[in-house]
Amino acid sequence: MAKVERMDGSRSGQRMKNQNGRTYVYVDGTAVRKLQTAPAKTQKQQKPSVSPRARRNRERALSMNLGYVAFLTVAAVITVFMCVNFLQLQAKGTKLQKEVTALEAQLDSAILENDSDYNRIITNVDMEHVKDVAMNQLGMVQAKKSQIITYEIDDNDYVRQYSEIPTE
């Protein structure tokens with residue numbers, strides 16, 4: 001509540017002043033005066049007179065006929081349908097995005113696994129042993145220059161080169 005200060009020196013009762021600066025008068029006991037209220041206004045404000053034609057136009061503008069109600073109903077149904085369809089498409093897009101992310105993660109793990117397996121196999125192969133077996137056990141010989149055929153590479157294909165080609 002607001003803080004109230006007492007102001008002495010009043011004949012008709014006690015006067016109090018609150019923090020807002022307003023002064024209130026009150027009387028202790030049973031001899032409290034009745035409040036005087038302002039007399040009620042007897043004069044009513046008259047509305048400006050309106051012609052019957054203007055009144056009919058206003059009533060017609062405020063009323064809704066069957067065609068207007070049907071139009072609003074169809075518009076509301078179409079709006080709700082479009083909103084539901086939009087939310088379904090958005091949910092489907094989110095689901096597909098999550099699937100793509102999962103498949104990309106699977107692809108990355110498969111590529112890493114294949115690369116590690118390939119590197120493990122390559123490191124376990126001893127090329128000198130392969131050359132020795134090919135020449136001594138299988139009777140293979142080194143190719144001569146006349147036996148080597150060169151060809152042009154198409155743009156549609158590719159060749160992986162892991163090391164430099166030796167020149168003789």
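Throughout, numbering of the chain's residues begins at 1 and tracks the sequence. Predicted, not measured: the structure shown is a model, and the values here were computed from it.
Taking CG of L66 as the start and OG1 of T73 as the end, the distance is 9.0 Å to the nearest 0.5 Å.
F71 and V69 fall within a single hydrophobic cluster, where Ile, Leu, Val, Met, Phe, Trp and Tyr side chains are chained together by heavy-atom contacts under 4.5 Å. There is no path of hydrophobic side-chain contacts, each under 4.5 Å, that joins V77 to V80.
Among pairs with a residue in residues 115-142, those fulfilling salt bridge (charged side-chain N to carboxylate O under 4.0 Å, His left out) read D117-R120, at least two apart in sequence or across chains. Residue pairs satisfying the salt bridge (charged side-chain N to carboxylate O under 4.0 Å, His left out) criterion with at least one member in residues 90-110, sequence neighbours excluded, are absent.
With hydrogens and angles disregarded, a donor-acceptor distance shorter than 3.5 Å links the side chain of Q147 to the backbone of K144.
Among residues two or more places apart in sequence or in another chain, the side-chain contact (heavy atoms from CB on, under 4.5 Å) test is passed with S51 by R53, A54. Checked against side-chain contact (heavy atoms from CB on, under 4.5 Å), V141 has no partners two or more places apart in sequence or in another chain. Residues satisfying the side chain to side chain donor-acceptor pair (under 3.5 Å) test with N124, not counting sequence neighbours, are none. In terms of the side-chain contact (heavy atoms from CB on, under 4.5 Å) criterion, residue partners of V130 (sequence neighbours excluded) are, by chain and number, V125. Remark: L107 engages I111 in a side-chain contact (heavy atoms from CB on, under 4.5 Å) (not counting sequence neighbours).
Under a 4.5 Å side-chain heavy-atom criterion applied to ILVMFWY residues, the cluster that includes F86 comprises L87 as well. Under a 4.5 Å side-chain heavy-atom criterion applied to ILVMFWY residues, the cluster that includes L138 comprises M140 as well.
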